Amino acid sequence: MSLTLDTYRLLGRSGLRVSPLALGAATFGNEWGWGAEQDGARKLFDLYVERGGNFIDTAVTYTDGSSERLLGEFTRDNRESLVLATKYTTLRRPGDPNSGGSHRKNLFASVETSLRQLNTDYIDLLYLHVWDFTTPVEEILRGMDDLVRQGKVLYVAISNAPAWQASRMQAIADLRGWSPLVALQIEYSLIQRAGERELIPMAREMGLGVVPYSPMGGGVLTGKYSRDDVTGTSTGSEESTRKSFNHALGWVTERSLAVADVVKEIAAEMGRTSAQVALAWTLRNPGVTAPIIGARTPAQLEDNLGALEVDFSASQLARLDEAGAIDLGYPHGYLAGDSARSQTQGDLTIEARA
């Protein structure tokens, strides 16, 4: 079924309406060696909003703060109609141990920094960005709840954290009447499907909307990488710098390129681009609310938005699923098997409903 950016979806168990594709603003600014200058970023922002998009994703340290500062300028006239999501925990000042992490001091300082940079008096959605394995969950949750009660943050969420910790936090928030988590941001694509083991099922059970980042595997699924890129050799250009960065993240492998080949084949059959096919596969997962797209040019963004119109056949979906499939491991494989079902259900036929 064809979608549009104003085919809004509810985010988790909240009443917040968001577009089915979020605009990633990590490409706003070129301090990291790639990205869009102010004028280019403005064109991306305007294109997305004019199409009905309302969900924009950034973080306090993206492009050394330029991402938030540019958004602060771009949203002067339409702030209330947008859902701005930002994140805290990443180190803001090298050498200062308390300028990073999940603890209360950094939480409050980071939010104040984001409010200044975004030129706003509230944040719609605040993520814990990266799990630090140090801060007690009660400290995190109480700090987030305090910010919600102060009106500086409207909704809270989590990213890059173990499923058992996120579910534990949600249970504690419910029991203590603190602000619940409404979203989970994870890396998820045809070449990174580990979230299917625990994270996505947990999110659906606990009421968190899943917001995947890197739905095109850092660009690998767009078809612009070859076997020569597996070595990660850079020649100094913006494109090669980004390729080397993605190689260091482990995205450019023989396996991922094999998956990209299947995506390319199906794209050719459908008269679509590889990027549209890869993005549409993630978009149509019933456990996903809104993948994040991170274009650097209006042409790339236009191409990404074409994923909203992609409609797969059953055989095409099966080929994509098979190409990127992972072993779910124990206990998932065991529990999904005939042996476990017969032990718990016998000869009964029981229909499971969501």
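Only a predicted model underlies this, so the values are computations on that prediction, with no experimental measurement involved.
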Under 3.5 Å: donor-acceptor pair, side chain of Thr63, backbone of Ser67: yes
- request: Could you tell me the separation between the CD atom of Glu309 and the OG1 atom of Thr4, rounded to the nearest 0.5 Å?
  value: 9.5 Å
field: Heavy atoms from other residues, nucleotides or ligands near CD of Glu138 exceed 12 (cutoff 6.0 Å)
entry: yes
message: Please determine whether residues Val60 and Tyr127 belong to a single hydrophobic cluster, defined as Ile, Leu, Val, Met, Phe, Trp and Tyr linked transitively by side-chain heavy-atom distances below 4.5 Å.
response: no
query: Between Glu37 and Asn30, does any side-chain donor sit less than 3.5 Å from a side-chain acceptor?
result: yes
query: Does NZ or CZ of Arg79 fall inside the cone over Tyr122's six-membered ring, less than 6.0 Å from its centre and within 45° of the axis?
result: yes
message: Do Trp281 and Leu221 make a side-chain contact, defined as non-hydrogen atoms from C-beta onward lying under 4.5 Å apart?
response: no
Residue pair Arg149 / Asp145, side-chain heavy-atom distance below 4.5 Å: yes
- request: Hey, could you give me the OG/CD1 distance between Ser214 and Ile293, rounded to the nearest 0.5 Å?
  value: 13.0 Å
- prompt: How many angstroms lie between atom CD of Gln170 and atom CE of Met206, to the nearest 0.5 angstrom?
  reply: 5.0 Å
message: Closer than 3.5 angstrom, by distance alone: can the side chain of Arg9 be matched with the main-chain N or O of Thr289 as a donor-acceptor pair?
response: yes
- prompt: Where is the tightest heavy-atom contact between Thr282 and Pro212, given as atom of each residue plus distance?
  reply: CG2-CG, 3.9 Å
- prompt: Going hydrophobic residue to hydrophobic residue with side-chain gaps under 4.5 angstrom, can you get from Phe108 over to Leu91?
  reply: no
query: In terms of side-chain geometry, is the basic nitrogen of Asp146 or Arg104 positioned less than 4.0 Å from the acidic oxygen of its partner?
result: yes
query: Is the backbone N or O of Glu68 less than 3.5 Å from a side-chain atom of Gln117, with the two atoms forming a donor-acceptor pair by type?
result: no
query: Hey, is the main chain of Asn119 close enough, under 3.5 Å, to the side chain of Arg76 for a donor-acceptor pair?
result: no
message: To the closest 0.5 Å, what do you measure between CG (Leu301) and CG (Leu23)?
response: 6.5 Å
task: Can you label the angle between the Phe45 ring and the Phe74 ring as parallel, tilted or perpendicular, going by 30° and 60°?
output: tilted
- prompt: Is a donor on one side and an acceptor on the other found under 3.5 Å between the side chain of Gln165 and the backbone of Ala161?
  reply: no
Any donor-acceptor pair under 3.5 Å from Thr75 side chain to Leu71 backbone: yes
field: Validation row: Ser256, Tyr225 side chains within 4.5 angstrom (heavy atoms)
entry: no
query: Shortest non-hydrogen contact from Gly223 to Ser274?
result: N-CB, 4.4 Å
- prompt: Which is it for Val277 and Phe312 under the side-chain contact (heavy atoms from CB on, under 4.5 Å) test, yes or no, and what are the steps along the way?
  reply: CA-CA 9 Å; Val277 168; Phe312 297 112; 3.8 Å; yes
statement: Exactly one of Thr86, Thr113, Thr90 clears side chain to side chain donor-acceptor pair (under 3.5 Å) with Thr61, and that residue is Thr90
statement: Correct closest heavy-atom pair for Gly143 and Leu107 would be C-CD2, 3.5 Å
- prompt: Less than 4.0 Å between a side-chain N and a carboxylate O, is that true for Glu73 and Arg42?
  reply: no
message: To check you understand the geometry: which heavy-atom pair defines the closest contact between Ala183 and Leu11, and what is its length?
response: CB-CD1, 4.0 Å
- prompt: Going only through I, L, V, M, F, W and Y residues with side-chain contacts under 4.5 Å, is there a path from Phe133 to Met169?
  reply: yes
statement: The reported gap from CG in Leu308 to OG1 in Thr7 (rounded to nearest 0.5 angstrom) is 7.5 Å
query: Do Val148 and Leu208 belong together in a cluster built from hydrophobic side chains that touch within less than 4.5 Å?
result: yes
task: Could you tell me whether the side chain of Leu21 reaches within less than 4.5 Å of the side chain of Asn304, counting heavy atoms only?
output: no
- request: List the steps, then state whether side chain to side chain donor-acceptor pair (under 3.5 Å) holds for Arg92 with Asn106.
  value: CA-CA 9 Å; Arg92 289 175 292 113; Asn106 185 49; 2.9 Å; yes
field: Student check: side-chain heavy atoms of Asp57 and Lys87 closer than 4.5 Å
entry: yes
task: Tell me, with the steps shown, if Arg319 and Gln316 meet side chain to side chain donor-acceptor pair (under 3.5 Å).
output: CA-CA 5 Å; Arg319 286 160 61 194; Gln316 288 168 337; over 6 Å; no
- request: Would you check if the side chain of Thr27 reaches a backbone N or O of Ala295 as a donor-acceptor pair within less than 3.5 Å?
  value: yes
field: Taking every non-hydrogen atom, the tightest pair across Ala290 and Ala22
entry: CB-N, 4.3 Å
message: Run the side-chain contact (heavy atoms from CB on, under 4.5 Å) test on Val211 and Phe55 for me, step by step, so that the C-alpha distance in whole Å, both residues' side-chain angles and the decisive distance to 0.1 Å come before the verdict.
response: CA-CA 11 Å; Val211 182; Phe55 194 16; 4.2 Å; yes
- request: Indicate yes or no: does Lys43 engage Asp39 in a salt bridge with an N to O separation below 4.0 Å.
  value: no
message: Determine whether Glu198 and His332 satisfy the following criterion, side chain to side chain donor-acceptor pair (under 3.5 Å), listing intermediate values before the conclusion.
response: CA-CA 9 Å; Glu198 300 284 355; His332 310 290; 2.9 Å; yes
task: To the nearest 0.5 angstrom, please state how far the CG atom of Leu154 sits from the CG atom of Leu125.
output: 9.0 Å
message: Treating Thr134 as the side-chain partner and Asp132 as the backbone partner, does any N or O pair qualify as donor plus acceptor under 3.5 Å?
response: yes
query: Does a side-chain heavy-atom distance below 4.5 Å link His103 with Asn98?
result: yes
Sidechain-backbone polar pair: Arg197 side chain, Asp327 backbone, donor-acceptor under 3.5 Å: yes
message: Test side-chain contact (heavy atoms from CB on, under 4.5 Å) on Leu16 and Val182; report intermediate values, then the result.
response: CA-CA 9 Å; Leu16 188 64; Val182 301; 6.0 Å; no
query: Do the charged groups of Arg284 and Asp311 touch, with an N to O distance under 4.0 Å?
result: no
message: Determine whether a donor-acceptor pair (N or O, by modelled atom type, separation under 3.5 Å) exists between the side chain of Arg255 and the backbone of Gly324.
response: yes
- request: Scan side-chain atoms only and decide if Asn160 and Tyr213 contain a donor-acceptor pair under the 3.5 Å cut-off.
  value: yes
task: Measure the shortest side-chain to side-chain distance between Leu84 and Ile123 over non-hydrogen atoms and say whether it is less than 4.5 angstrom.
output: no
query: Under 4.5 Å between any side-chain heavy atoms of Lys152 and Glu112, yes or no?
result: yes
- prompt: What's the shortest heavy-atom distance between Pro20 and Leu283, and which atoms?
  reply: O-CD1, 3.1 Å
- request: Give the C-alpha distance, both sets of side-chain angles, the deciding distance and a yes or no for side-chain contact (heavy atoms from CB on, under 4.5 Å) between Val288 and Tyr188.
  value: CA-CA 10 Å; Val288 166; Tyr188 185 59; 4.2 Å; yes
- prompt: Are Ile292 and Tyr8 connected, step by step, through hydrophobic side chains (Ile, Leu, Val, Met, Phe, Trp, Tyr) whose heavy atoms are closer than 4.5 Å?
  reply: no
